[in-house]
Each structure stands twice: as C-alpha cells, then as structure tokens.
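Worksheet for the structure shown next.
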There are 2 protein chains.
Amino acid sequence: MSDHPAPPTLDDVARAAGVSTATVSRCLNDPKMVSAPTRERVDSAIKTLGYTPNFAARFMAVQRTFTVGAIIPTMENAIFARGLQAFQEELHHHGYTLLVSSSAYQAEAEEEQVRALVARGADGLLLIGYDRDQALYDYLQRQRVPVLAAWSFDPDAAIPSIGFDNRSAMRALTTQVLGMGHTRVAMISAHSAENDRARMRIEGARIAMEQNGLSADDLYVVEVSYDINEGAEAFKTLMTGPNRPSLVLCGNDVLAVGAMRGAAELGLSVPDDVSITGFDDIELAQVVTPALTTVHVPHRQMGRLAAQQLVDMIENKTDGVGKELESHVVMRGSVAEPRS
Amino acid sequence: MSDHPAPPTLDDVARAAGVSTATVSRCLNDPKMVSAPTRERVDSAIKTLGYTPNFAARFMAVQRTFTVGAIIPTMENAIFARGLQAFQEELHHHGYTLLVSSSAYQAEAEEEQVRALVARGADGLLLIGYDRDQALYDYLQRQRVPVLAAWSFDPDAAIPSIGFDNRSAMRALTTQVLGMGHTRVAMISAHSAENDRARMRIEGARIAMEQNGLSADDLYVVEVSYDINEGAEAFKTLMTGPNRPSLVLCGNDVLAVGAMRGAAELGLSVPDDVSITGFDDIELAQVVTPALTTVHVPHRQMGRLAAQQLVDMIENKTDGVGKELESHVVMRGSVAEPRS
DNA sequence: TTGTAGGCGTTATCAG
DNA sequence: CTGATAACGCCTACAA
C-alpha cells in the first residue's frame, strides 16, 4: 500500500457494497433497474469512497463523450465570447459539456486543436468560418465527427454553416455611409488569407464602391493582425500618407477602436475629420466616444442555434443544413458627411 | 458491413502492415526502436488508412493525457484572455494541450466543469482565485489532480497560488488617489461572495481609507455583476443618491468603463465632476476617454509562470509553492483632485 | 528487432 | 433483479 492510492474504481465500489460491478454500473446509469436496498448500499459505498467514474473507460465502452469542442481564433476579445456563452448554455441543456481551445489565428494550430479534440472524443465540433484546408474536412469526415461552421454563412461551403452573410452586411454598411458623400475611402482589415469573414467583408466593401459610382480599385485595403494597436498604427499610416481618406472602413470593431485611438493620437476629430466604421457591434463599440457605426450581429442567437443544430447532427446523424441569420447596420456617431 | 465503418484501429494498421500491434505502437511512441523498413511499411499503412490513435484507450493504458484544463469565470472580456493565451503557449512548449471552460461566475457550474475536466483525464487544472468549497479541493486531492490558483496570491490558501496581492494593490491605488484630497468615496465591486479577488480589493480600499484618516465604514460599496451595463447603472444610482461621491473606485476595468459611460449619460465630466478608477489594466482602459487610472497586472508573465509551475507539479509530483507577482498603479486621466 | 498477452475501468450481453 | 464475462483500443513487460 503506497501513500499514493489510485482513485477508487467501479470494482472497489462493488467490493465495498458486496455486489458486482455490473450492478454498480446500473446504479449509475439506470438506477431503476436495481432494487432500492442494494441501490442504497451502492450509493453509500460510492459516497464514502468518493468514487467518480473513469471517463476514458466509459468512452471506450460507449464511444460517446457528450462533449463538444469549439476552436476559436482568439479569446483576446469579446467577438466570440458572447456567442460561445450562449452556445455553451444551450449545449448544457442538452447534456453536453463544451471544451474550448484557441488557435491564435493560425491554421496549423487550429488543425492541431481539431485533432486534439477529436482524439479526446469530442462528439462534435464548432469551428469559426469555413475557410480551411480540405484535408482537415476529409479527416473529420473519416473520423465521423460532425462539424459546424459559425460566424459565417455560405450554403456552398464544405460544411454546414450558421451565421450571416459577411459580404452583404459589409456592402450594406458601406453603401449607407457612402451615401453621405465620401469618395476617398480606405479599409483596415484583418488578414484575409484563410479567413473568409475578412475576405467577404472586403468584397462587400468593393461591391458597394462599384454600386455607388466609385471604382473597387480605389478602395485601398491594408491588412493587419487583430489588435487594437495594429489598428491604430495602420490608421496613422493611412492618414499621414498621400490621398488621405475621409472614410476608413474597419473589418471589425477592435480595429475600428484602434483607428479611433490613432485618430486621437493624430489630433484628428472623429467624425469631423474622418469617419470610421466597425463590424460586430461588441460592447466596445458603445463605449468609445463617439460610439461606433457598425454591423450588429445576433451573437447569442447564433450560439444557441449552432448548439441545437450540432446536437441534432450528433444525435440524429443528420447532415446539418446551416442557417443564415440577419445582421443589420447600426448608425452611430463615428460617421458624418465628408468635410467640404 | 455498414456504410458507416468505424475509424481504423491499431489492429487494422498492424494487419495492413503485416506486423503486430506492438510494433505499430512502438512506431508511434518510440520510432527508433523499430527497424527502418518495417517502420516505413507501418507509416504508409497509417497514412493510407488515415489512422489516428484513440486517445481514451491510450489514456486508459498510460493514465496520462498531456491535457491541462482551465476554468475561468467568464470569456466575456479580456481579463483572463491574455494570461490564458500565455498559459497556453507555455503549456504547448511542454507538450500539453489546454482545454478551457467557463463557469459564468457560478460555483456550481465551476464544480461541474472541474469534474468534467478531471473525468476527461486532465493532468492538471488551473483555477481562478482560491475561494471555493473545501469539498472540491478534497475531491481534487482524492483524484490526485494538481491544481493551481491564479490571479490571486495567498500563501495560506488551500492550494498553491500564483498571482498578486489584490488587497495591497487596491490599497496602493486607493491611497494614491485619496492623496489628492477625496473624502466622499464609493466603490462598485463585483459580487464578493466566493470571489477572493473582489473581497480583497474591497478590503484593500477599506484599509487605505483608515490609513488616510477616513473611516472604513464610510466606504459605500455596491456589488454588481461583471458587466458594463451593471457598472453604468450602479454608477448612476450612486451619483444621483444622497452624499454623492467625488471618487468612485471600481473593482475592475469593465465596471469602471461602465461607470464612465454612466457618467457620460448623466452629463458628468470625468475627472472634473468625479474621479473613477479601475483594476486590471486591460486594453479597454486605454481606449476610453479619459484613459483609466488602474492597477496594472502582469498577465502574460502570470500565465507563463502558472504553466511552468503546473507542469512541474504534474511531472515531478511536487506540491507547488505558488508565487507572488508585482502589480503597480497606473495613473491616467480618469482621476483628479475633487472639485472645490 | 519483433511478437504475445495481460491489464487499464466501463458498459452491455447473457444467463441465472 | 443480479452476476459473469466479453468487448472497447492501446501500452508494455516479457519472451523469443
């Protein structure tokens, strides 16, 4: 006997209660199959031993974990937090546990996490966007793990997606602001490689340019990492270069807030000297001064629906159809007509 | 044969490569133990079959998962994000995978997640703060799962902790601001039940009051949920009630930003009409206008050290000693001498 | 260098 | 209602 005893097992409980392991197992999984008196003995044995079922063993036996994994690009800001919270709550209602992991916006890291989660028996996976190596999807399919993409909707994507149309949302926002008369416009975007959200938003802005009598080529786009500082720097470069824009579209609220800080550092007034827009409508958008014009996204609804759909895919082995949600433009103080 | 074949197993690979399962296993875990030619055959068999080891089975066999779990109160804001990111990076260097789960600031939820993570074989756990039911610690100890508390440091806590002294940090901040001459001061705190960080910060503020010739009882404290809106509402209530404070200490930056919004809604100027302070120094603090006076916390360093320590506890079965980190007050524009 | 075989903790199928 | 016992997929002495 070492001073380092292993945690109690089913067997220990069975021995302590004077029954077989099968009976203990039944007590745990289908209590009404066992008589009241034995059940009591077993329960008390469980309690005194402090027994907890070994998950891996159970998993091996039933091939189900009631665990869902989600891999998000970053936890560093609130973009995914709210939707994920709703996702988790809904999963919980269905008896599932959510495990989250972050890829730091790196494709290889994401792939590693996918494998890690699958290996650990995740019954299903939630990924952000649908832009990734086909090989990963093949792998997932071989492993028969249902996957759902969120924060983007594209009926033609390789996997079912639930979210909104980033392109048309950005087009709507851009159109509305262009209507105020801006002609010199630039965009600060997150890196668009392997990021469909970023890419679609850029496309949406370009389309709006065309539709408003401007040339898509005139939209000067700079891509940066997802970070307030990067947004600020990019903005300052933009504003101190030639052909200074009167409108700076930002691929998301975080970059937009960075841009606003950049404006402050440059002594520029928003929106008098320059208009700035964001995307996502996270809390931050209403905290800055002036408040940010942006696109509102139904985070919680998306999380909830994603959970429902994923559970359905897992339990009924359905294929999942995805769903498009509505987003809408929110006009706030950060935009105005161009000066002069 | 269904059209729903199970994923390939070690056995399938062994058969395909014409070797035993032991050899395949060795190829995976200790390649140099097997001859080059057989290794090649095995590797190609693995590739063509798309084999991935079954984690649960491996776990059962070796009782190790190289997985660490972290349970944080919320993902809704950046407080824990940065430290967690560093934690994850450092774990990765040591070959561990991080799985995160959020408790929404609810003790029962946290307990559930702890069990979920332990059951799934987490080799170690990171928790936030040390304030929780002793029964949970007993459980963890029975299961022999090393646990480390972060974002708080208390050498006398039930588990090793790594972080800073919330009480003295808040005392330092309060003292410094009281030095400007404030006498009517209130505090907006997160709920302090089962939250040592919140409790210690309140205590710190009280101590500072005493030390500066005021009575600790004169610190009016309101406790709210962790949310910008709640901060704004609490602030407005405070400022429209009797004995309006000239200084509002906030338990964290999020509440402080809420308070600032409340001030704006009330038409009050910060810091001319009222001084506001935060705690944590998250990015938000520098984005608002005026920037927030707050306590800077070494998030990344904390995450990194926590990872190192936890890995050490796991691998060397050491007890873990914890570590206190330095925090420091950052004076910014949100405070000033009281008017008149 | 390789193969054999026992065990890890549960669940599930059969008898009793 | 309860008890044997065979999986589940992998690792690792121990043998060869």
Side-chain angles (χ1 to χ4, degrees), chain A residues 4-43 45-46 49-67 115 118-121 123 142-144, chain B residues 4-43 45-46 49-67 115 118-121 123 142-144:
Chain A
H4 204 104
T9 71
L10 244 205
D11 217 70
D12 297 326
V13 177
R15 205 175 354 262
V19 299
S20 75
T21 62
T23 300
V24 180
S25 175
R26 282 191 277 262
C27 273
L28 260 30
N29 303 305
D30 200 356
K32 59 180 178 303
M33 275 189 68
V34 33
S35 73
T38 44
R39 192 181 340 153
E40 268 170 41
R41 263 185 309 146
V42 172
D43 283 347
I46 288 180
L49 288 179
Y51 166 77
T52 320
N54 178 311
F55 205 79
R58 165 179 284 164
F59 174 40
M60 278 200 58
V62 301
Q63 298 293 342
R64 286 276 280 103
T65 61
F66 286 95
T67 302
R115 288 178 193 279
V118 169
R120 284 163 182 72
D123 293 334
R142 266 201 312 278
Q143 299 288 323
R144 325 232 163 261
Chain B
H4 204 102
T9 71
L10 243 206
D11 218 69
D12 297 327
V13 177
R15 206 175 355 262
V19 298
S20 75
T21 60
T23 300
V24 180
S25 175
R26 285 190 273 260
C27 272
L28 260 31
N29 303 305
D30 200 356
K32 60 182 174 301
M33 275 188 67
V34 32
S35 73
T38 44
R39 191 181 341 153
E40 266 170 42
R41 264 186 307 146
V42 171
D43 284 347
I46 288 180
L49 289 178
Y51 167 78
T52 321
N54 178 311
F55 206 78
R58 165 180 283 163
F59 173 40
M60 280 203 56
V62 300
Q63 298 292 343
R64 290 272 280 109
T65 61
F66 286 95
T67 302
R115 288 179 193 279
V118 170
R120 284 164 182 72
D123 294 332
R142 267 201 312 278
Q143 300 288 322
R144 326 231 161 263

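Every chain is numbered from 1 and lettered A, B, ... according to where its sequence line falls, protein lines coming before strand lines.
For the pair A:Arg41 CZ and D:dT2 C1', the interatomic distance rounds to 11 Å; values are reported in whole Å. One interatomic measurement links the two molecules: CZ of A:Phe59 to C1' of D:dG9, which rounds to 10 Å at whole-angstrom precision. Remark: P of D:dT2 and CG of A:Asp30 are 12 Å apart, rounded to the nearest angstrom. Remark: P of C:dT2 and NZ of B:Lys32 are 15 Å apart, rounded to the nearest angstrom. As rounded to whole Å, 12 Å separates atom C1' of D:dC10 from atom CZ of B:Phe55.
Judged as a ring pair (Phe, Tyr, Trp, His ring centres under 6.0 Å), and not counting sequence neighbours, A:Tyr51 has no contacts. Taking the side chain to side chain contact (heavy atoms under 4.5 Å, CB included) definition, one finds that B:Thr65 meets it with B:Phe55, B:Phe59, B:Thr67, B:Asp123, sequence neighbours left out. Here B:Asp43 pairs with nothing under the salt bridge (Lys or Arg N to Asp or Glu O under 4.0 Å) rule; sequence neighbours left out. When the side chain to side chain donor-acceptor pair (under 3.5 Å) test is applied to A:Arg58, the partners found at least two apart in sequence or on another chain are A:Asn29.
For the atom pair CD1 of A:Ile46 and CG of A:Leu28, the computed distance is 4.5 Å after rounding to the nearest 0.5 Å. Here the straight-line distance linking atom CG of A:Asn54 with atom CD of B:Gln63 works out to 6.5 Å at 0.5 Å rounding. A:Leu49 contributes atom CG, which lies 9.0 Å from atom OG1 of A:Thr9 (distance to the nearest 0.5 angstrom).
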For nucleotides 5-16 of chain C, read 5' to 3', which letter fits each nucleotide if B means a protein heavy atom sits under 4.0 Å from the base, S means only the sugar-phosphate is that close, and - means neither? ---BBBBB----

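Taking five base pairs at each end of the helix from C:dT1-D:dA16 to C:dG16-D:dC1 and finding the rotation axis that steps the C1' atoms of four pairs onto the next four gives two axes whose angle is 40°, to the nearest 10°.
In this model, the phosphate group of D:dG3 is approached by a side-chain N or O of A:Thr23 to a distance below 4.0 Å at OP1 or OP2. Checking the phosphate oxygens (OP1, OP2) of D:dC1, no side-chain nitrogen or oxygen of A:Thr38 falls inside 4.0 Å.
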Starting from the C-alpha separation in whole Å, work towards a yes-or-no answer on side chain to side chain contact (heavy atoms under 4.5 Å, CB included) for B:Val42 and B:Val19. CA-CA 8 Å; B:Val42 171; B:Val19 298; 4.0 Å; yes

